[in-house]
Amino acid sequence: MTAFKSDFLNILRERGFIHQCSDVEGLDALAAKGEATAYVGYDCTAPSLHIGNYLTMMMLYWLQQSGNKPITLMGGGTTMVGDPSGKDETRAMRSVAEIEANKASIRGVFSKVLRYGDGKSDAIMLDNAEWLTKLNWIEMLRDIGRHFSVNRMLTMDSVRLRLEREQEMSFIEFNYMVCQAYDFVELSRRAGCRLQMGGSDQWGNIVNGVDLGRRMGTPQLFALTTPLLTTASGDKMGKTAKGAVWLNADQFSPYDFWQYWRNTEDADVVKFLKLFTILPMSEIAKLAALKGGEINEAKKVLATEATALLHGRDAANTAAETARQTFEEGAIAESLPTVEIPRGELDAGAGVLTLFVKAGLVASNGEARRQIKGGGLRVNDVAVTDEKMALNASDLTGEGVIKLSLGKKRHVLVRPA
């Protein structure tokens, strides 16, 4: 395989990031000169980003490491519209106050991975509300809308799939791709941005921006997407019994984050080491050679390195040590995830099914029952056999907690408040 001229594309290809690119040779030449300013957009639909966003953040990380400039674009404007990609129905409309709160909550995560500043390759953060909310409707139709073919827009997956399923698409959603395309043009003008990156589900939207830039006189723009995340078993990555794998520590603890990676399927370990850690490829190759039970050591390295990058080395080491104490010594480590329940609820006798649901170890009472039948639930390291079991103050350990476990790897402490 012929090597690229740029470190950026060589790294991305070697680590498995590249899915589609609009002009590989042109982008390669630009990146080789250190002139590839690129952006990824992040809508503010929740107080935290999730594991899928972490993948595109890693693309920006390697862009910066290769001497090019990243832009993180906050979607203060596009969040008001709502991206229809992959959705069966219109997104719930969020208030400006909710969007602003989400935006403030999200901002801090980027500095964990990227270096911000005024230098040539330092990252910058912008917000598309700055220009989208100021557009005059008639001027937008004349200056931007005239460049879009409705015929072509109807062929985009985000639109076509909804129409084929006879699911309604609102006019505001139909305009999302126009807003995203204009973002690319605006960033080209404001910051010299030449590349937009994202997941493969964004390919149509990104290419629209490339085309709009050509029609509106920008320098040539480029599109680059990464494969959508799935596990070796074909499941969509990033879901747990607790829900999404969030990046903010207050929504998904560093310990849970560490555990998520520790529980990776054997067949995915090497892929995720390449995508979600910054370990040299030579070290990953050594880990890839491990067989049988030794793969668990590679999983621990994956968990620790992925967690260290996002939450810091101390948090990663603490999570690893907590896991070691819990699994190898049977200890109740203070740093395990904890949920509090009212003291009165425990005094009255709390149902074991309800507690496991509240702890986030199972999604429903039905799932808890299935786990009990399979011997998967434990209280204070003792298997639960009776689904009608009630826990009370007599079940508190010497540390004043009740330890709930799902299998051998997931544990939550229940503490009376």
Do [X] side-chain atoms and [Y] backbone N/O form a donor-acceptor pair below 3.5 Å?
| X | Y | result |
| --- | --- | --- |
| Ser66 | Leu63 | yes |
| Ser22 | Ala223 | yes |
| Ser48 | Leu247 | yes |
| Asp127 | Gly76 | yes |
| Asn53 | Leu49 | no |
| Thr79 | Cys44 | yes |
| Asn248 | Ser105 | yes |
| Glu367 | Ala363 | yes |
| Arg94 | Thr45 | yes |
| Thr226 | Phe17 | yes |

Kindly write out the residues that satisfy side chain to side chain donor-acceptor pair (under 3.5 Å) with Ser121, not counting sequence neighbours, or none if the list is empty.
Arg115

Taking side chain to side chain donor-acceptor pair (under 3.5 Å) as the test, write out the residues that go with Thr37, two or more places apart.
none

[X] versus [Y]: any side-chain heavy-atom pair under 4.5 Å?
| X | Y | answer |
| --- | --- | --- |
| Leu12 | Leu224 | yes |
| Leu9 | Leu27 | yes |
| Phe184 | Arg194 | no |
| Trp246 | Ile51 | no |
| Lys403 | Arg378 | no |
| Met237 | Leu228 | no |
| Leu377 | Ser405 | no |
| Gln65 | Ile11 | no |

Applying the side-chain contact (heavy atoms from CB on, under 4.5 Å) criterion to Ile124, which one of Thr72, Leu73, Ile71 satisfies it?
Ile71

Could you list the residues that satisfy salt bridge (charged side-chain N to carboxylate O under 4.0 Å, His left out) with [X], not counting sequence neighbours?
| X | result |
| --- | --- |
| Glu340 | none |
| Glu130 | Arg190 |
| Arg369 | Glu387 |
| Arg152 | Asp211 |

Identify the two heavy atoms, one from [X] and one from [Y], that lie closest to each other, and give their separation to 0.1 Å.
| X | Y | value |
| --- | --- | --- |
| Ala323 | Trp258 | CB-CZ3, 3.5 Å |
| Ala303 | Trp261 | CA-CB, 3.5 Å |
| Ala319 | Pro254 | CB-O, 4.1 Å |
| Ser188 | Thr218 | OG-CB, 3.7 Å |
| Gly16 | Pro227 | O-CD, 4.0 Å |
| Val357 | Ser364 | CG2-C, 3.5 Å |

Intermediate values then yes/no, side chain to side chain contact (heavy atoms under 4.5 Å, CB included), Arg313 and Thr307:
CA-CA 8 Å; Arg313 181 65 59 180; Thr307 305; over 6 Å; no

Taking ring-ring contact (aromatic ring centres under 6.0 Å, His included) as the test, write out the residues that go with [X], two or more places apart.
| X | result |
| --- | --- |
| Phe356 | none |
| Tyr42 | Phe110 |
| His311 | Phe257 |

Enumerate the residue pairs fulfilling salt bridge (Lys or Arg N to Asp or Glu O under 4.0 Å) with a member in residues 16-34, sequence neighbours excluded, ordered by first and then second residue.
Lys33-Glu35

Working note: Trp203 + His19, criterion side chain to side chain contact (heavy atoms under 4.5 Å, CB included); need CA distance, chi angles, decisive distance, verdict.
CA-CA 10 Å; Trp203 177 252; His19 181 62; over 6 Å; no

For [Y], is there an ion pair with [X] - N to carboxylate O distance below 4.0 angstrom?
| X | Y | answer |
| --- | --- | --- |
| Arg324 | Glu321 | yes |
| Glu294 | Lys291 | no |
| Glu100 | Lys103 | yes |
| Asp122 | Lys69 | no |

Would you find more than 12 non-hydrogen atoms of other residues, nucleotides or ligands less than 6.0 Å from [X] atom [atom1]?
| X | atom1 | result |
| --- | --- | --- |
| Asp386 | CG | yes |
| Lys112 | NZ | yes |
| Lys373 | NZ | no |

Distance (rounded to the nearest 0.5 Å) between Leu302 CG and Leu273 CG:
4.5 Å

First locate atom CH2 of Trp131, then atom CD of Glu186, and finally report the distance between them rounded to the nearest 0.5 Å.
6.0 Å

Does the side chain to side chain contact (heavy atoms under 4.5 Å, CB included) test come out yes or no for Leu221 and Gln196, once each step is laid out?
CA-CA 8 Å; Leu221 304 180; Gln196 183 182 171; over 6 Å; no

Hey, mind stepping through Lys5 and Asn10 against side chain to side chain contact (heavy atoms under 4.5 Å, CB included) and telling me if it holds?
CA-CA 8 Å; Lys5 298 175 183 177; Asn10 279 322; over 6 Å; no

Sequence neighbours left out, what pairs pass side-chain hydrogen bond (donor to acceptor under 3.5 Å, both in side chains) with at least one residue falling in residues 266-282?
Asp266-Lys299

Using 30° and 60° as the class limits, which term best fits the ring planes of Phe252 and Tyr260: parallel, tilted or perpendicular?
perpendicular

Under the side chain to side chain contact (heavy atoms under 4.5 Å, CB included) rule, collect the residues that match up with Thr78, sequence neighbours excluded.
Asp43, Asn128, Leu132, Tyr176, Cys179, Asp183

